[in-house]
A.B. asks: 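Below is one structure. I have some questions about it.
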Amino acid sequence: MQSAQQAQFIDLNTQQDKIKSQVEKALQKVLRHGQYVLGPEVVELENKLASFTQSPYAVSCNSGTDALRLLLMLHHVGPKDAVFVPSFSFAATAEVVALAGAVPIFIDVLDNTYNMDPQSLEQGIQQAHKHQLTPRGIIAVDLFGLPADYPSLSEVAQAHQLWIIADAAQSFGGSLAKQKVGTLADMTATSFFPSKPLGAYGDGGMMFIKNPEDAAQLRSLRTHGEGSDKYDNIQVGLNSRLDTFQAAVLLEKLKLFEGELRRRKWAAALYQALLHPAFDCPSIESSFESAWALFSLRCQPGTRAKTMKALSEAQIPHRVYYPIPLHRQKAYHQFPLASSKLATTDRLAEQIISIPMHPYLTELQIDYIVNTLNQSIK
Ligand SMILES: *Cc1c(COP(=O)(O)O)cnc(C)c1O
């Protein structure tokens, strides 16, 4: 039995209890109409999320990874092309570039936000030229829910005529200067993996773009490159559609979403107010709103193992995102780096730790987590 003070890392059950009967009704409706692929709920979700983000076009697909992949296909990224990605991210960010036959160049991140460092990006662009690659674009990651510094990254992008894809798999619901994630970059990819801020009960993803030609092109690419119909193939595409069942689930979860974002923000503020300053929390400028997919903090050098032991003993779930930076992974270590070392990325991988974060945390649970952490450094 779990006691009242013990939090889950991510709690999907409390949310399900709130919406179970509505979700069941919505799924039964899909069973009745039988349009399991690209049914009416999918179109409704695309429309609702386009209006939620104030983005001109939203096109759904099968996962966040496919959303990134389809956006690279839209730009015909291929051999001899360089795409700049942060090394401190989930594998999908670099994977899609390598799958396209292009070269991911790993960029360092900033110490205070864990997001892509514009200066390191400049160095990465020089590396691309050294390797005789064509710099094409940037995939900026909104790590742990916090939008990347798009204004600064855009300056670099414009100077070098690069596009920017926002990997917003973790940041749906976040914003910058009151502009919602979905509109902050030229193109945006998000994920509905169950543990993301807006999660389905399976895989799903969405792309946000600015013009109707790109939207039409992405709709074709996600359905085998179809032209006037499925059996008219005008280009090489994928099978990457959002299941109607998942769209039906997401439409119900969307009704809770803004309230849940407020709860996440409240929990994060409480952590930040109560945690001992020896734990470095991300510093967030006031114009940035994180979606708080995860709450991560940095331990002082050499103290993470001790902190994790204290959390384990108190039965507080915790994880390390990410223990091995992408540029040190077997699958990706052959690709170029922006500079001889990605020092901040390496340091974060040794110091970072994520603690429970979800909309249903209680003050009692947060106090217990904070006290355990603060005691552990005494
Ligand atoms: C989860 C995640 C993805 C991939 O999303 P899927 O829907 O699981 O394919 C991509 N990038 C980042 C940063 C993620 O966290």
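In what follows, residues are counted from 1 in the order of the sequence shown. Whatever order the structure lists them in is the order used to number ligands and atoms, beginning at 1.
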A.B. asks: Could you tell me whether Ala92 and ligand 1 have an N or O pair separated by under 3.5 Å?
C.D. replies: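 No, no N or O pair falls under 3.5 Å.
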
A.B. asks: Do any nitrogen or oxygen atoms of Ser191 come within less than 3.5 Å of a nitrogen or oxygen of ligand 1?
C.D. replies: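 Between Ser191 and ligand 1 (N or O atoms, distance only) the closest approach is under 3.5 Å.
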
A.B. asks: Atom 13 (C) of ligand 1: which of Asp142, Asp66, Ile139, Asp167 has the nearest heavy atom?
C.D. replies: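 It is Asp167 that holds the nearest heavy atom.
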
A.B. asks: Indicate, as side chain, backbone, both or neither, the part of Ser63 found under 4.0 angstrom from ligand 1 when only non-hydrogen atoms are considered.
C.D. replies: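 Contact part for Ser63 vs ligand 1: both backbone and side chain.
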
A.B. asks: Record the part of Thr65 in heavy-atom contact with ligand 1 below 4.0 Å; permitted values are side chain, backbone, both and neither.
C.D. replies: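 For Thr65, backbone and side-chain atoms both sit under 4.0 Å from ligand 1.
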
A.B. asks: Do any nitrogen or oxygen atoms of Gln170 come within less than 3.5 Å of a nitrogen or oxygen of ligand 1?
C.D. replies: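 Yes, there is a polar N/O contact under 3.5 Å.
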
A.B. asks: Just jot down the ligand 1 atoms closer than 4.0 angstrom to any heavy atom of Gly64, in number order.
C.D. replies: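 Taking each heavy atom of Gly64 in turn, ligand 1 has 5 (O), 6 (P), 7 (O), 9 (O) under 4.0 Å.
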
A.B. asks: Using a strict cut-off of 4.0 Å, indicate which atoms of ligand 1 neighbour a heavy atom of Lys196.
C.D. replies: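 Atoms satisfying the 4.0 Å criterion: 1 (C), 2 (C), 3 (C), 14 (C), 15 (O).
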
A.B. asks: For Glu285, look at atom CD and say whether over 12 heavy atoms of other residues, nucleotides or ligands are found less than 6.0 Å away.
C.D. replies: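 Atom CD in Glu285 is not crowded, with 12 or fewer foreign heavy atoms closer than 6.0 Å.
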
A.B. asks: Taking the six-membered ring for Trp and the single ring otherwise, decide whether the centroids of Tyr322 and Tyr114 are under 6.0 Å apart.
C.D. replies: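 Centroid distance Tyr322-Tyr114: not below 6.0 Å, so no.
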
A.B. asks: In Å, rounded to the nearest 0.5 Å, how long is the span from CD1 of Ile353 to CG of Leu311?
C.D. replies: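 Answer rounded to 0.5 Å: 5.0 Å.
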
A.B. asks: Is it true that the NZ or CZ of Lys196 lies under 6.0 Å from the centre of Phe172's six-membered ring and within 45 degrees of the ring axis?
C.D. replies: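 No, cation not above the ring by the 6.0 Å, 45° rule.
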
A.B. asks: Kindly write out the residues that satisfy salt bridge (Lys or Arg N to Asp or Glu O under 4.0 Å) with Glu289, not counting sequence neighbours, or none if the list is empty.
C.D. replies: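 Only Lys265 meet the salt bridge (Lys or Arg N to Asp or Glu O under 4.0 Å) criterion with Glu289.
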
A.B. asks: Any salt bridge linking Arg262 with Glu258? Criterion: basic side-chain nitrogen under 4.0 Å from a carboxylate oxygen.
C.D. replies: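 So Arg262 does not pair with Glu258 through a salt bridge.
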
A.B. asks: Quick check: closest heavy atoms across Pro86 and Leu326, and the distance to 0.1 Å?
C.D. replies: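 Minimum heavy-atom contact is O-CD1, 4.0 Å.
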
A.B. asks: So is Ser89 polar-close to ligand 1, meaning N/O to N/O under 3.5 Å?
C.D. replies: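 No.
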
